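Read the structure below first, then the notes.
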Amino acid sequence: MTRLSVEFLAADATQPITSAGHAQLGIAVLAGIAVIVLLITKFKLHAFLSLTIGSLALGAFAGAPLDKVITSFSAGLGSTVAGVGVLIALGAILGKLLADSGGADQIVDTILAKAGKSGGRAMPWAMVAIASIIGLPLFFEVGIVLLIPVVLLVAKRGNYSLMRIGIPALAGLSVMHGLIPPHPGPLVAIDAIGANLGVTLALGVVVAIPTVIIAGPVFSKYAARWVDIPAPDKMVPSRPSEDLEKRPSFGATIVTVLLPVVLMLAKALVDIVVDEPKNHLQRVTDVIGSPLIALLAAVLVAIFTLGRAAGFTKERISTTVEKSLAPIAGVLLIVGAGGGFKQTLIDVGVGQMILDFSKDWAIPSLLLAWLIAVAIRLATGSATVATISAAGLVAPLAADMSTAHAALLVLAVGAGSLFFSHVNDAGFWLVKEYFGMSVGQTIKTWSVMETIISVVSLGFVLLLSLIV
């Protein structure tokens, strides 16, 4: 995905819309982020409104003309939604078809049946595999709602430790959410930094696999010792496929879910291997491997392999698609406002300030990106807000980077955005309530798991930076 160009009212679009010095810009950044944090955490204002007000506050503190700040914010919002809005919508449709058709339940039941033959030793590995596969097209919150019934049922029926089963499932979902497109955070970071989506996806998978193993099945052994609680009966809801007469096959469901990933990875592979300009194979993969076509193809295939296979009528499929779009309105607005905030940061000159400072700092760009994302994550509680804001701040650092290192910069931001989820994160309370844990128990398990994901994935990102 190429970086989206934005025109400004300033006579020279390459110049910042304010002549403020570095000290004033630094104060403006802190003040703008502080406004967003206070509005989200203290006043419980929706993140869309908080980001909008925070962007205006940033411009005001930086001494920029308000009309130009509004133009920057609007341009950033529009370009971000134009770049990732359709992809988020297609991902939501695919996820809804997967859930409502019983395809997700089919994946779960098939893998659990295989894992059950091992006497339970393979169950944590089965849960992390299920969560990683299902987590590809689903938003994190949707994935939790979909998988929690399975986690609780497996723990209760098999007499397994709830943490031994639950942590791997949460790790799989969280890693996909933070590192792998087409989730909103990684998509926006790719767009802001100007990274190649296929390369980011390929390197993201390389980082995700060992990270999810360490934070999932390995860490769950210790989490089960620290927090030993039974599965709460009251939190076991019904599964979507219980009311269906038939479900899609396991093979067809797996092929459908992995189709967009395979197409995008194929494009990245051809780009790396083929050096000839205007090669016919490259032209074909450039089309079918573009995120829009890859996800659109998966949705069209899913209508038949998931919807029709479950016995859905044309009207039922249409209703499912319609219902999938309503819940993402808030996500689109938050992502768009985050893009507006990012563009405001760049246009007032903050990006250039970071670039100037980083030349004198002995901190690698990847580590700097991670630290910025960590700070915003701890303050706001939102992984998406942290990703969007940090990507905007560090985008200038990617100007002289190779394709691979720009992709690693995106992954460093994504890794930082997952650091230590605590009481200001909606996901923290979602996990706490579903698993019936106290605040302290949730910190010992969920919060520590998120921190492990963040630190371990950063470690693999830094390691890859020495190789690629």
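What you are looking at is a predicted structure, and each value in this text was computed from that prediction instead of being measured.
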Sequence neighbours excluded, which residues qualify as side chain to side chain contact (heavy atoms under 4.5 Å, CB included) partners of Ser417? Ala383, Ala386, Thr387
Shortest non-hydrogen contact from Pro168 toward Val128: O-CG2, 3.4 Å
Rounded distance [0.5 Å steps], CZ in Phe219 versus CG in Leu170: 10.5 Å
Main-chain N/O of Gly76 paired with Ser79 side-chain donor or acceptor, under 3.5 Å: yes
Residue set satisfying side chain to side chain contact (heavy atoms under 4.5 Å, CB included) with Ala57, at least two apart, ordered chain then number -> Val35, Phe61
Donor-acceptor pair, His422 side chain versus Ser447 backbone, under 3.5 Å? no
Residues at least two apart in sequence or cross-chain that pass side-chain hydrogen bond (donor to acceptor under 3.5 Å, both in side chains) with Thr211, listed by chain then number, are none
Can you find a pair of side-chain heavy atoms, one from Phe460 and one from Leu411, that are under 4.5 Å apart? no
Closest heavy-atom pair, Gly416 versus Ser454, reported as atoms and distance to 0.1 Å, is CA-OG, 3.8 Å
Do Leu51 and Ile388 touch side chain to side chain, with heavy atoms closer than 4.5 Å? no
Pair listing, salt bridge (Lys or Arg N to Asp or Glu O under 4.0 Å) test, anchored in residues 380-391, at least two apart: none
Give a yes or no on whether the backbone of Gln282 and the side-chain of Thr285 come within a donor-acceptor separation of less than 3.5 Å. yes
Which atom names give the shortest non-hydrogen contact between Ser101 and Gly307, and what distance separates them? CB-N, 4.4 Å
Heavy atoms only: give me the nearest Ala215-Ile167 pair and the separation to one decimal. O-CG2, 3.5 Å
Nearest heavy-atom approach of Leu25 to Val348 is CD2-O, 3.3 Å
Between the main-chain N or O of Pro217 and the side-chain N or O of Ser220, is there a donor-acceptor pair closer than 3.5 Å? yes
Is the closest side-chain heavy-atom distance between Leu94 and Leu98 below 4.5 Å? no
Evaluate side chain to side chain contact (heavy atoms under 4.5 Å, CB included) for Leu187 paired with Asp191, printing each intermediate quantity in order. CA-CA 6 Å; Leu187 279 178; Asp191 180 62; over 6 Å; no
Test item: Leu203 and Leu408 side chains (from C-beta on) under 4.5 Å apart, heavy atoms: yes
Rounding to 0.5 Å, atoms OG (Ser55) and CD1 (Ile70) come to a distance of 11.0 Å
Measure the CD1-CG distance between Ile33 and Leu393 for me, rounded to the nearest 0.5 Å. 6.0 Å
Could you walk me through whether Gln343 and Leu77 satisfy the side chain to side chain contact (heavy atoms under 4.5 Å, CB included) test, starting with their C-alpha distance in whole Å, then the side-chain angles of each, then the deciding distance to 0.1 Å, before giving a yes or no? CA-CA 8 Å; Gln343 196 60 53; Leu77 186 150; over 6 Å; no
From His177 NE2 over to Ile453 CD1, what is the distance, rounded to the nearest 0.5 angstrom? 10.5 Å
Across all chains, not counting sequence neighbours, the side-chain hydrogen bond (donor to acceptor under 3.5 Å, both in side chains) partners of Ser174 are Glu450
Pairs flagged by salt bridge (Lys or Arg N to Asp or Glu O under 4.0 Å) wherever residues 83-96 is involved - sequence neighbours left out: Lys96-Asp100
Can you tell if the side chain of Val413 reaches within under 4.5 Å of the side chain of Ile372, non-hydrogen atoms only? no
What's the spacing between Phe420 CZ and Ile443 CD1 if we round to 0.5 Å? 5.0 Å
Could you walk me through whether Leu179 and Ser457 pass side chain to side chain contact (heavy atoms under 4.5 Å, CB included), step by step? CA-CA 9 Å; Leu179 301 179; Ser457 56; 4.1 Å; yes
Return a table of donor-acceptor pairs under 3.5 angstrom between the side chains of residues 252-265 and protein atoms on other chains or two or more places apart.
residue: Thr253; atom: OG1; partner: Ser249; partner atom: O; Å: 2.7
residue: Thr256; atom: OG1; partner: Ala252; partner atom: O; Å: 2.7
residue: Thr256; atom: OG1; partner: Thr305; partner atom: OG1; Å: 2.7

In chain order, what residues pass the side chain to side chain contact (heavy atoms under 4.5 Å, CB included) check against Ser402, with sequence neighbours excluded? Ala404, His405
N/O donor-acceptor pairs under 3.5 Å from side chains in residues 322-337, not counting sequence neighbours:
residue: Ser324; atom: OG; partner: Val321; partner atom: O; Å: 2.6

Could you tell me whether the side chain of Ser74 and the main chain of Thr71 form a donor-acceptor pair under 3.5 Å? no
Sorted by chain and number, sequence neighbours left out, ring pair (Phe, Tyr, Trp, His ring centres under 6.0 Å) with Phe419 holds for Trp370
Would you say that Asn196 contacts Lys267 through its side chain, given a criterion of any heavy-atom pair below 4.5 Å between the two side chains? yes
Ser72 and Ile17, any side-chain heavy atoms less than 4.5 Å apart: yes
Residue pairs, two or more places apart or on separate chains, that pass side chain to side chain donor-acceptor pair (under 3.5 Å) and touch residues 458-468: none
May I ask you to test the Thr344-Leu56 pair for a side-chain heavy-atom distance under 4.5 Å? no
Side chain to side chain contact (heavy atoms under 4.5 Å, CB included), paired with Val175, selected from Val456, Leu418, Val212: Val212
Nearest heavy atoms of Leu197 and Pro291, plus distance in Å: CD1-CG, 3.4 Å
Approximate separation, where rounding is to 0.5 Å, of Phe73 CZ and Leu58 CG: 11.5 Å
Going through the distances and angles, do Leu90 and Leu292 end up as a side chain to side chain contact (heavy atoms under 4.5 Å, CB included)? CA-CA 8 Å; Leu90 290 172; Leu292 174 62; 3.8 Å; yes
Can you sort out the partners of Phe48 under ring pair (Phe, Tyr, Trp, His ring centres under 6.0 Å), two or more places apart, ordered by chain and number? none
